[in-house]
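The structure appears below as structure tokens.
Labels below follow one simple rule: chain letters A, B, ... track the order of the sequence lines, proteins then strands, and each chain is numbered from 1.
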2 protein chains.
Amino acid sequence: MLRLTQSEENYLKAIFTLSQDTEGAISTNELAEKMLTKASSVTDMLKKLCEKELLEYQKYQGCALTNEGKSHALAIIRKHRLWETFLVDKLSFGWDEVHEIAEQLEHIQSTELTDRLDEFLGFPKVDPHGEPIPGKDGRIESVSNRILLSESVVGMRAIIMGVEDDQTEFLQYLNKIGLHLGTQIDILDKLNFDGSIIVMINDKQVQFSITIAKQISIKPL
Amino acid sequence: MLRLTQSEENYLKAIFTLSQDTEGAISTNELAEKMLTKASSVTDMLKKLCEKELLEYQKYQGCALTNEGKSHALAIIRKHRLWETFLVDKLSFGWDEVHEIAEQLEHIQSTELTDRLDEFLGFPKVDPHGEPIPGKDGRIESVSNRILLSESVVGMRAIIMGVEDDQTEFLQYLNKIGLHLGTQIDILDKLNFDGSIIVMINDKQVQFSITIAKQISIKPL
DNA sequence: TTGAATTTTTAGACTAGTCTAAAAATTGTT
DNA sequence: AACAATTTTTAGACTAGTCTAAAAATTCAA
Ligand SMILES: [Mn+2]
Ligand SMILES: [Mn+2]
Ligand SMILES: [Mn+2]
Ligand SMILES: [Mn+2]
């Protein structure tokens with residue numbers, strides 16, 4: 001079994017995540033930005049991960065994970081999301097407080113631990129941000145009939161199913177306006193000129209910019 | 001707040017532990033053996049930790065933790081023992097399976113997490129090996145009327161309270177002979193020439209070498 | 001109390017991960 | 001197609017942690 005450093009694992013995870021919404025290879029700069037580091041550091045790491053056959057990489061052509069690399073990334077994401085669930089469900093942390101801690105816990109090496117944690121939590125399907133939790137086998141069950149709030153239409157009634165961004169400030173903002181997983185909303189209006197969406201949450205009107213609306217996923221009722 | 005690397009934390013913990021049963025300073029070689037590393041590496045690390053005022057160190061004179069260093073060490077030991085308790089009490093691991101995992105978990109940085117875990121576990125006083133768990137304030141409650149099995153006298157009846165060694169093979173051996181925390185034993189005999197102790201455990205006779213007897217702590221009834 | 005054995009430190013090297021600055025390759029634009 | 005802008009890689013340096021081999025200090029024992 002190939003043993004990876006924390007840094008290597010963080011790169012794999014970042015590449016996997018970026019690949020989710022990008023066609024083709026991931027560029028060095030894109031990855032540098034995501035990793036909050038410099039392109040030259042990324043190049044060095046890509047060479048190393050390519051050497052270990054976790055990704056394919058050719059000079060100036062960006063990179064793409066191999067199956068091996070993908071399954072490593074999924075194992076880390078599985079751990080991250082299980083630990084976040086543990087922190088919220090068992091230790092009563094808020095959904096805005098768990099990401100940084102899970103960022104460390106995801107690197108604990110023990111498949112046995114991960115699988116027992118999964119069982120202890122009752123095999124949860126999604127984490128506290130509504131993100132699906134990969135199974136033991138690395139498979140992600142597709143989450144059903146979700147759309148982004150940005151794609152909603154006026155008059156729709158819907159349930160909040162997830163957030164695409166788990167940054168503390170964003171989640172704290174959502175807390176402040178009373179928006180949680182499972183919250184019911186009504187789409188009241190959309191402004192043509194900037195795409196803003198006006199929503200009713202617990203009898204209060206809230207206006208979301210298109211940027212925010214793209215970070216929230218809902219299930220129409 | 002001073003941020004330490006995993007390696008620095010492991011050194012502090014080792015120095016603390018060695019200091020428990022050694023008078024005066026800890027020597028470079030002693031520490032090298034404990035850390036499974038070379039004396040030259042230890043010297044480098046001692047310089048660094050001295051620089052950070054976590055220990056006092058003078059060339060050729062060994063080292064001793066400062067109060068700052070001690071409280072860091074205690075915080076790591078607290079985490080280690082709480083996580084071991086979590087693994088055994090909540091995830092049903094055996095006491096022989098948890099040390100390696102806790103060796104990693106003890107480095108997770110979040111006082112909030114540690115304190116909530118403590119609460120979730122019901123503020124346990126001892127870990128699965130009978131070792132006391134330091135409190136939030138770093139204080140260790142002294143464990144009452146314990147002696148080592150090696151110091152027992154023939155005819156005594158006692159309860160197993162702890163083990164001084166948490167190596168997997170040792171604990172597995174204890175499992176095999178049916179010795180756990182809380183097990184009741186009778187001291188049947190002591191052999192003068194090698195110090196072996198013959199003990200009755202669950203109606204079976206078992207003979208312990210003096211080496212083993214020094215690793216087991218008991219409470220006489 | 002002096003020489004030998006042991007312990008400890010230093011010197012120099014290596015790996016992992018990062019950085020800055022400069023060079024090279026690619027991309028885009030006229 | 002040529003040149004400019006942008007992206008990416010390389011070269012060289014730095015820190016942390018480790019190692020081996022050699023030098024220095026301490027300890028031990030005759
Ligand atoms: Mn997260
Ligand atoms: Mn991480
Ligand atoms: Mn342990
Ligand atoms: Mn450790």
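Atom-to-atom, CD of A:Glu33 to P of D:dT8 comes out at 12 Å; the value is rounded to the nearest Å. Across the protein-nucleic acid pair, B:Gln58 atom CD and C:dT7 atom C1' stand 17 Å apart, rounded to whole Å. Atom P of nucleotide C:dT6 and atom OH of B:Tyr60 are separated by 17 Å, given to the nearest angstrom. Between the NZ atom of B:Lys47 and the P atom of C:dT10 there is a distance of 4 Å, given to the nearest Å. Atom CG of B:Leu31 and atom C1' of C:dT8 are 13 Å apart (whole Å). In this entry the distance linking CG of A:Asn10 with C1' of C:dA16 reads 14 Å, nearest Å. Atom pair A:Lys38:NZ and D:dG12:C1' shows a separation of 17 Å (rounding to whole Å applied). Separating the CG atom of A:Leu4 from the C1' atom of C:dT15 is a distance of 16 Å, rounded to the nearest angstrom.
Close to C:dT7, at under 4.0 Å from its OP1 or OP2, lies no side-chain N or O of B:Ser27. One finds a side-chain N or O of B:Lys59 lying less than 4.0 angstrom from the OP1 or OP2 phosphate oxygen of C:dT10. In this structure, A:Tyr11 reaches the C:dT18 phosphate: one of its side-chain N or O atoms is under 4.0 Å from OP1 or OP2.
Taking the side chain as every heavy atom from C-beta outward, B:Lys214 and B:Glu151 never approach each other to under 4.5 Å. Between B:Leu105 and B:Leu82 there is no side-chain heavy-atom pair separated by less than 4.5 Å.
For A:Ser40 against C:dT20, a side-chain N or O and a base N or O form a donor-acceptor pair under 3.5 Å.
Set against D:dT7, D:dT18, D:dT10, the side chain of A:Asn29 has D:dT7 as its closest nucleotide. The side chain of A:Ser41 approaches C:dC19 more closely than any other nucleotide in the set C:dC19, D:dA25, D:dC19. Nearest nucleotide to the A:Met45 side chain, out of C:dT18, C:dT26, D:dT18: C:dT18. Distance from the side chain of B:Thr5 is smallest to D:dA16 among D:dA16, D:dT26, D:dT9. You'll find that the side chain of A:Thr37 is closest to C:dT18, out of D:dT18, C:dT18, D:dT8. Closest to the side chain of B:Asp44, from the set D:dT18, C:dT8, C:dT18, is D:dT18.
A side-chain contact (heavy atoms from CB on, under 4.5 Å) with B:Ile216 holds for exactly one of B:Leu174, B:Ile197, B:Val199, B:Asp165; it is B:Leu174.
Distance NZ/B:Lys136 to CG/B:Asp118: 8.5 Å, rounded to 0.5 Å.
For B:Ser152 (side chain) and B:Leu148 (main-chain N/O), no donor-acceptor pair under 3.5 Å exists by modelled atom type.
With the nearest nucleotide of DNA chain C identified for both A:Gln61 and A:Gln6, A:Gln6 has the one nearer the 5' end.
The residue A:Ser7 sits close only to the backbone: its heavy atoms come under 4.0 Å of sugar-phosphate atoms, none of a base.
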